[in-house]
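Reading through the structure tokens given below for one structure.
Chain identifiers are assigned alphabetically (A, B, ...) following the order of the sequence lines, protein sequences preceding nucleic acid strands; residue numbering begins at 1 within each chain. Nothing here was measured: the structure is a model prediction, and the numbers come from that model.
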Amino acid sequence: MGFEKFGHKSYTALTKVAGFVDRLVQGELFATRCSGCGRIYFPPRADCAGCLGSAMQWEKIPEKGKLVSFTRVNYAPAGFEADVPYTLALVDFGEVKVFGRLGSTVAEDEIKVGMELKPLVVTLPDGQLTYEFVLGNHKA
Amino acid sequence: MGFEKFGHKSYTALTKVAGFVDRLVQGELFATRCSGCGRIYFPPRADCAGCLGSAMQWEKIPEKGKLVSFTRVNYAPAGFEADVPYTLALVDFGEVKVFGRLGSTVAEDEIKVGMELKPLVVTLPDGQLTYEFVLGNHKA
Amino acid sequence: MNKDVAIIGVGQTAFVRSYPGAVREMVFEAFAEAVRDAGITPREIGASLVCSAPEYDKQRSPAGMVAEYLGLNPQPTFVLENICASGTTGVRVAYSLIKAGLHDIVAVIGFQKMSELSSAESQERMGRGADIMWEAPFGTMMPAYYAMHARAHFAKYGTTEEDLALVRVKASRYGALNDRAVFRKEVTKEQCLSAGVVASPLKVYDCCANADGASCLILANAVRAKEISEKPVWILGLGAASASMNLTGRDSLEGLEVTRLAAREAYQMAGLSPRDIDVAEVHDCFTIAELLAYEDLGFAEPGKGTDLLRAGETQIGGRIPVNVDGGLLSKGHPIGATGGSQVRTIVLQLRGEAGPMQVPGAEVGLVQNIGGVGIYSNVIILGR
Amino acid sequence: MNKDVAIIGVGQTAFVRSYPGAVREMVFEAFAEAVRDAGITPREIGASLVCSAPEYDKQRSPAGMVAEYLGLNPQPTFVLENICASGTTGVRVAYSLIKAGLHDIVAVIGFQKMSELSSAESQERMGRGADIMWEAPFGTMMPAYYAMHARAHFAKYGTTEEDLALVRVKASRYGALNDRAVFRKEVTKEQCLSAGVVASPLKVYDCCANADGASCLILANAVRAKEISEKPVWILGLGAASASMNLTGRDSLEGLEVTRLAAREAYQMAGLSPRDIDVAEVHDCFTIAELLAYEDLGFAEPGKGTDLLRAGETQIGGRIPVNVDGGLLSKGHPIGATGGSQVRTIVLQLRGEAGPMQVPGAEVGLVQNIGGVGIYSNVIILGR
Ligand SMILES: [Zn+2]
Ligand SMILES: [Zn+2]
């Protein structure tokens, strides 16, 4: 349990990487790195697809990423209708990429593929935890 | 539409054999017979698996059937909880077999594989239509 | 040339907004057409593969229901699922069952009755097609993912919304000729460009139409195919691949590596190259997907798909006509039925029976069928 | 003797009431065990087949999620469904893909996390496993159907509730020895007979335990199998059949014709007869199903299964030991994982690695796996 706290809407409660949420509570976004072979994973995982080991260490996502692509959506699946429009984005942090939403502080007309972004952990009004991507000079 | 009126709980509204329900409304239980090759089907069908024709005629289920097997169930899926216990049965009417429930007028201790039964159309309290199997001497 | 397994019969219902009957009755239409087309009886079919995305169906384990209704008991039957690519995975598995010697003749049956569920139920399922742990919690849907691929292609190659509109204009022209298509109106570039935005840069006409429908293919081994069929269409090449469900696992978004890999395998097995293809059906669930397919299948160099499109080379009369049956965009996309419908179109083309959509003299055709947003890809090369 | 395709690796999680992690993490356990058992790396696996009854999973199209987590991209992957028989259908399809030459090594992955859904959600799905037009509207569930088969067998052959209890007593004895079983208590005949009635004449201990679990099998062609494995277990025979979903389409209820047909095919392909089988795993989702299997598989004449059972001939040391791993009854029945688990048990038996459950000197084994109430049946014969 614990993982149901992650996301605007959660579909999964039980996972061995529920520690991800504990770190969100601390305001930090983490990947996992395999202690056996050194592969790093985002999304975080309990098991390594490379060496089949299950010893993982948490590792913080860097502060500087680059926007790979994005879209502003006007339609949403059940449970997200009240959120539209919002912007989904893929951001490259070097060793890992991260998928999520762009923060509303990023003006629509300044969004550009290749722009620099950083992750920001956000607590939603209903208490759910998530993260979004904001400008590098964003002050929390 | 129309077929949603069939059964204690319906999962299907649209079918080309919705005429089955019209006949239940008349108090009668029907099979379909292929006009092309003469095969008879229960459950009724719009299409013949034998000759691939789609011309079907309605044909009444006979009044005399024999109990093939039965079970009295104490647990039920969602939507049927209030009905338990009830008795499910398969009855052989010669050219076709019919699956359904045994009427509550059939005493539990007289139920025997091989006994003679006839179909009886029943309107449920919520207006749904179904049929059950009752003793040959049952008066409607 | 591989001539071990052939397609000897094809069938398809009209794709419609809402089929006025039960799933089994809809499937029967496609099946009866395919069986008649093949000139066989259901008894001769050794196994049936039922291709469907099960969350859209109320019946659990629809293979049992379908086999019973079609008179395909006691032969083996099972369900195959690769979301939108289920139908062509059915072809791959049918080919294998036949080539392995387990069956002589196999039916590949695809269906979806999208109208079976309420709109609220559909909306609920749509969110669960992405990784439910890591992407679905952000509120994701298919158009958003393809929109991100489009945006990446725009950024790298200068592709524009007008290019996407050209794809839809072409699809609508052929869709208007196809009496099995759900969307039969021609649309103009201006209509496409002025339509509402679904997920930027994709607008309403960039998205395919949901539809109810069924398709059926009958495959046979070489001996039976030659006995039964005057115009068998041979499976020359098969390729299949997968990619990470999470976008984070993709190397780039400007194309689908999954299609490049599947295509390489299919060309290799067939001993053919992109230049040998006379007509193709590609998975245009969104306009951008057709452009990506031009490049991923080798019809154009990376970034040059727009040149091919703008020059009209993917229309009838062009170098490589693509989706001349209206594609998913206009023909409609009943998920489990789509792959079978694509294959049917190519089979009719290679037999010279495609009517107003015929590509003159087509001898070799290709089908590309994608599941999810590039999670699965199947490429099939067919020849006379 | 057919020695074209072998099983070179097997894995299984413990079957448990509620797995304390995500589906992908559960599947990983079985997969890692099978890959290590085979002595290969995931890269060598050409395709993965994911066997699951999808309505129990929140993730749509779990093949994509599973392949990503297990490092099986970019190889092809898809979902196969035959309800409870999904896993052995996976074996049939993997065999075909390999024998057809499309892949050298294929992983068959089965799973179900029954605890993923709430009890109310499960109850809702249970009603939709029967024909939703003609049987589900009466309120049907699996135990009711098997109860009707039991009642018919009782009426025709004089079988009793005590006979059914004997099946469960045997299962519980072996389940207690199996550290992967969910139910590890021994139960007595008296406990069985005095338990509450679920659907007459079936009582609580006549029904298998729901469970969470995953299984994995690695299959390879003959060349690779001999290179990689010291103890390959060969697929000697395969048989599969289907029956009408509606009970009205069955000729009789005293046995399952679907198993008789699948068995005939498997024996024929293997060139073997029931007398050649040293150990068997049969689909005992309910006690009556094991009795029917004795007869349908030819271990006993019709109506004589009870003689075999009462004489102890289906225990270790008897003529044909059956379900000596506890069966579905005690080991548990995580739907998509069940077939793979049955095959794993026979593979371990034929390798002589079954520990306290070992049947001495077993050389030929058989698996029978049923989907739904006799809708689908697969029979597989394995040999060293
Ligand atoms: Zn590692
Ligand atoms: Zn007929």
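- A:Thr32 places a side-chain N or O within donor-acceptor distance of the main-chain N or O of A:Arg45, the cut-off being under 3.5 Å.
- Contacts with chain A were tallied for C:Leu247, C:Asp131, C:Leu202; C:Leu247 has the most, counting heavy-atom pairs under 4.5 Å.
- With a 4.5 angstrom heavy-atom cutoff, A:Phe93 does not touch chain C via any of its atoms.
- For A:Tyr11, the parts lying under 4.5 angstrom from a heavy atom of chain C are both the backbone and the side chain.
- Heavy-atom distances place the backbone of C:Arg250, and not its side chain, under 4.5 Å from chain A.
- For C:Phe154, no part sits under 4.5 Å from any heavy atom of chain A, backbone or side chain.
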Go through it in stages, so that I can follow the logic: the residues are C:Glu121 and C:Tyr56, the test is side chain to side chain donor-acceptor pair (under 3.5 Å), and I'd like the CA-CA distance, side-chain angles, deciding distance and then a yes or no.
CA-CA 9 Å; C:Glu121 286 172 313; C:Tyr56 289 107; over 6 Å; no

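- For A:Val17, the part sitting under 4.5 Å from any heavy atom of chain C is the side chain, from C-beta outward, and nothing else.
- Residue C:Ala136 touches chain A through both its backbone and its side chain, counting heavy-atom pairs closer than 4.5 Å.
- A:Phe30 has its ring centre no less than 6.0 Å from the ring centre of A:Phe20.
- Looking only at distances, no side-chain donor or acceptor of C:His283 sits under 3.5 Å from a matching main-chain atom of C:Asn369.
- Ranked by heavy-atom pairs under 4.5 Å with chain A, the list C:Val197, C:Thr248, C:Ile132, C:Asn246 is led by C:Thr248.
- A donor-acceptor pair under 3.5 Å is formed between the side chain of A:Arg23 and the backbone N or O of A:Gly19.
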Hey, mind stepping through C:Arg151 and C:Ser200 against side-chain contact (heavy atoms from CB on, under 4.5 Å) and telling me if it holds?
CA-CA 8 Å; C:Arg151 180 67 67 197; C:Ser200 71; 3.7 Å; yes

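- C:Asn378 and C:Gln368 share no donor-acceptor pair across their side chains, judged by distance under 3.5 Å alone.
- Chain C forms the most heavy-atom pairs under 4.5 Å with one residue out of A:Gly7, A:Gly79, A:Gly100, and that residue is A:Gly100.
- In summary, the aromatic rings of C:Trp134 and A:Phe3 are positioned with their centroids under 6.0 Å apart.
- Of the atoms belonging to C:Ser252, not a single heavy atom falls under 4.5 Å from chain A.
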For the pair A:Met56 and A:Ser35, evaluate side-chain contact (heavy atoms from CB on, under 4.5 Å) and give the outcome as yes or no after the intermediate values.
CA-CA 5 Å; A:Met56 287 278 173; A:Ser35 308; 5.6 Å; no

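- Taking the ring centroids of A:Phe133 and A:Phe99, they lie at or beyond the 6.0 Å cut-off.
- Between chain C and the options A:Ser10, A:Ala78, A:Pro43, A:Pro85, the largest number of non-hydrogen pairs under 4.5 Å is found for A:Pro43.
- Counting heavy-atom pairs closer than 4.5 Å to chain A, the top residue among C:Met141, C:Glu124, C:His149 is C:Met141.
- Most heavy-atom pairs under 4.5 Å with chain C: of the set A:Asp83, A:Val113, A:Leu90, this distinction falls to A:Leu90.
- Among C:Gly139, C:Ala199, C:Ala144, C:Ser122, the residue making the largest number of heavy-atom pairs under 4.5 Å with chain A is C:Gly139.
- Only the side chain of A:Tyr86 comes within contact range of chain C, with at least one heavy atom under 4.5 Å from a heavy atom of that chain.
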